[in-house]
Number of protein chains: 2
Amino acid sequence: MTLSDQHSGHQTTRTRHKKSRLPTLQDVAERAGVSLSAASRALSRDQKPVAAEKRERVLAAARALGYSANPLAQGLSTRQTGLVSIIVNHIGDLSDLDLFDILIGRLQDVGKQASIVRLGSVKSARDFLRGSISYHVDAALIFSDFIGPRQARDFFRTNHVIMLNGRQDSQSLSVQPDDAPGIQQAVENAARHQVETATLITGRESSELEKQRIAFYRTALARYGILVSTQLHGDYSYASGVTAARQIDPRHYTDAIFCTSDAMAMGVLDVLRDREDGIIPGRMRLYGFDNLSLTDLHSYPISSIGFDKRDYVEQVVSLLVDPAQARKGPRHLGVPTRFYGRQTG
Amino acid sequence: MTLSDQHSGHQTTRTRHKKSRLPTLQDVAERAGVSLSAASRALSRDQKPVAAEKRERVLAAARALGYSANPLAQGLSTRQTGLVSIIVNHIGDLSDLDLFDILIGRLQDVGKQASIVRLGSVKSARDFLRGSISYHVDAALIFSDFIGPRQARDFFRTNHVIMLNGRQDSQSLSVQPDDAPGIQQAVENAARHQVETATLITGRESSELEKQRIAFYRTALARYGILVSTQLHGDYSYASGVTAARQIDPRHYTDAIFCTSDAMAMGVLDVLRDREDGIIPGRMRLYGFDNLSLTDLHSYPISSIGFDKRDYVEQVVSLLVDPAQARKGPRHLGVPTRFYGRQTG
DNA sequence: ATGAAAGCGCTAACAT
DNA sequence: ATGTTAGCGCTTTCAT
């Protein structure tokens with residue numbers, strides 16, 4: 001590439017033999033009659049030293065050519081891809097779609113692209129991640145509970161891993177809802193309505209998170225003198241809520257049911273509606289968990305416990321945008337839950 | 001980089017000054033005592049000429065180092081990133097979550113990563129896409145109805161744009177459900193149950209797709225001699241279903257309601273349940289559209305019309321994996337819808 | 001079969 | 001402020 005080439009406004013040796021590529025920075029520089037680096041500086045998002053007049057020429061050339069930087073090439077230099085991967089089990093595991101929508105929107109706001117990685121099963125996790133782009137992203141948001149903090153650091157050899165599945169250690173960054181206040185408020189609500197006996201329908205007790213959550217319920221219930229007559233296990237799903245509700249002995253009086261997911265609560269509600277044999281929806285208080293938007297439907301007006309999704313996402317983004325700062329400040333961020341009263345509670 | 005360096009198993013000049021980078025192909029080559037290109041060939045997924053013994057050494061070295069290729073760098077050479085972007089308005093616009101889950105899973109099966117781009121609003125679309133990675137992906141799947149086929153080709157330099165929003169032209173690739181059979185079957189079902197008068201609750205008639213759908217309904221209804229007593233407009237949402245249902249005049253007898261979305265049908269059902277003034281759920285047949293998994297819930301046992309999601313995704317993937325073939329074969333693929341009978345129909 | 005070398009498109013020293 | 005140059009990590013000619 002000779003100097004005279006660079007100043008010609010026409011096809012260059014480089015562009016000639018490639019048929020109709022996208023315009024490159026090289027092309028822009030040539031058209032503007034400046035050096036490659038000058039063009040790079042002019043187009044850079046942070047203020048780099050360029051003569052105002054020169055910058056204009058470059059910008060004009062870029063516009064004329066319909067130039068758009070290749071993030072891959074940029075990434076190769078800067079080691080920043082602009083890609084953030086969101087690691088989930090299945091899509092449905094993100095119990096709330098709204099959260100997902102807000103998260104992706106905010107990521108885009110701060111110049112990141114969301115890439116969804118669906119793990120599906122435990123075994124494939126490690127191998128899969130190694131092979132994929134996820135291995136080289138700016139940050140990874142771990143929603144999947146298949147991955148622990150150590151593995152996460154091992155997989156992504158970056159510090160930019162944010163644990164959102166409740167599995168954190170002292171070294172990791174994390175954001176986690178604080179279940180206590182919401183549970184406390186829900187139980188208080190029950191107590192105010194003269195609830196004396198409660199049934200607990202929980203998820204897998206293998207999860208640390210769930211164990212802790214159950215402890216919160218029991219502590220709060222005890223505080224108000226509410227007896228836990230039964231504890232049943234489900235897997236957070238609607239179907240498991242149905243199954244659990246059917247196991248409740250009608251003769252065994254209970255005047256409130258607390259479920260650790262809204263989906264289970266929905267299943268419970270549908271069973272209660274079908275039964276005329278002692279447990280009547282009108283007399284029974286039902287509390288869910290997650291505050292799914294589905295609980296706004298007329299047919300599932302279930303009181304629930306949840307956190308502010310925008311708040312949550314904001315915490316995640318704050319860890320993302322300035323990881324240096326994040327490393328100094330608190331590594332584990334929390335967002336409080338609160339009680340959302342509806343018809344059933 | 002001297003030859004002796006290459007044969008030493010220790011830190012090389014290159015690795016030394018970069019603090020703890022990920023191992024590169026260079027590192028693998030050095031450890032295996034082969035050239036860079038030999039290592040590349042050995043690790044290539046398609047069979048390149050390498051001595052079997054050499055390949056083994058390279059593979060071993062790669063394993064020992066925990067090497068994993070950098071897709072960005074590969075992409076810079078091959079112009080293939082392994083990224084596919086899914087362009088949507090909002091996440092909720094993908095009326096079915098399941099579809100999303102299946103799609104991402106299958107993309108991963110064929111070695112692609114899904115990147116979600118949330119457009120949010122029309123105006124930002126063009127500018128946004130130009131700046132982002134999406135501009136340089138292997139393919140773009142357009143679910144957002146903000147983007148037409150021409151714009152899509154303009155945005156993404158590639159031909160690998162698949163229109164999934166119903167807005168296609170002769171040049172574009174597309175997959176689209178064929179609404180006719182499902183509608184025909186639903187109407188036939190109504191006719192078999194002595195339905196004589198029907199109400200139609202539709203979405204925005206500005207959409208070509210919706211207009212066509214309505215035409216299908218009217219044709220099928222006419223064929224069975226069913227009278228359309230009223231046509232109301234909603235926006236596909238639950239809330240708009242509620243609003244529409246409240247507008248139905250109780251004195252105006254109708255014995256079936258057809259909605260062009262399940263969400264609207266859910267709203268309608270909830271209104272019907274509340275009303276005791278003439279329209280009784282038991283006597284009224286209700287048909288939705290989309291076959292949402294929510295219609296499997298006890299409280300919304302709504303008969304619906306939908307397509308097989310796996311089938312649909314398979315069509316999309318088929319266009320993706322071999323675009324050359326796709327360009328020869330049919331460019332517009334369809335998946336048939338069918339009727340899913342539940343309690344309400 | 002194999003290695004050297006030339007890119008892919010860009011950024012970041014490094015001089016000037 | 002500006003241009004030159006050396007990478008970023010990989011694939012691919014092109015000789016051998």
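By convention in this document, chain letters (A, B, ...) are assigned in the order of the sequence lines, proteins followed by strands, and residues within each chain are numbered from 1. All values reported here derive from a predicted model rather than from experimental measurement.
Checking A:M163, A:H332, A:Q315 one by one against A:V175, the side chain to side chain contact (heavy atoms under 4.5 Å, CB included) holds for a single residue, A:Q315.
A donor-acceptor contact closer than 3.5 angstrom links the side chains of B:Q176 and B:Q168. Under 3.5 Å, the side chains of A:Q108 and A:Q113 contain no donor-acceptor pair of N or O atoms. Using modelled atom types and a 3.5 Å distance limit, the side chains of A:S37 and A:S35 yield a donor-acceptor pair.
A straight line from CG of A:N70 to P of C:dC10 spans 6 Å, rounded to a whole angstrom. Going from atom NE2 of A:H136 over to atom C1' of D:dC8 covers 12 Å, rounded to whole Å. Following rounding to the nearest Å, A:R79 (CZ) and C:dC10 (C1') show an atom-to-atom distance of 14 Å. The nearest whole Å value for the distance from the CD atom in A:Q80 to the P atom in D:dC8 is 17 Å. Remark: C1' of C:dG9 and CG of A:L65 are 14 Å apart, rounded to the nearest angstrom. When rounded to the nearest whole Å, the span between CZ of B:R45 and C1' of D:dT11 equals 15 Å. At whole-Å resolution of the value, CZ in B:R57 and P in C:dA1 are 16 Å apart.
Counting heavy-atom neighbours within 6.0 Å of A:R331 CZ, excluding the residue itself, gives a total above 12.
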Contact list (N/O, under 3.5 angstrom) for nucleotides 11-13 of chain C vs protein:
unit_1	atom_1	unit_2	atom_2	d
C:dT11	OP1	A:Q74	NE2	2.7
C:dT11	OP2	A:S40	OG	2.8
C:dT11	O4'	A:S77	OG	3.2
C:dA12	OP2	A:K48	NZ	3.3

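B:K54 has a side-chain polar atom (N or O) that falls below the 4.0 Å cut-off from OP1 or OP2 of C:dT2.
Here the nucleotide nearest the side chain of B:L76, chosen from C:dG9, C:dT2, D:dT2, is C:dG9. Ranking C:dC10, D:dA1, C:dG3 by closeness to the A:T24 side chain, first place goes to C:dC10.
Separating the CG atom in B:N89 from the CD1 atom in B:I147 is a distance of 8.5 Å, to the nearest 0.5 Å.
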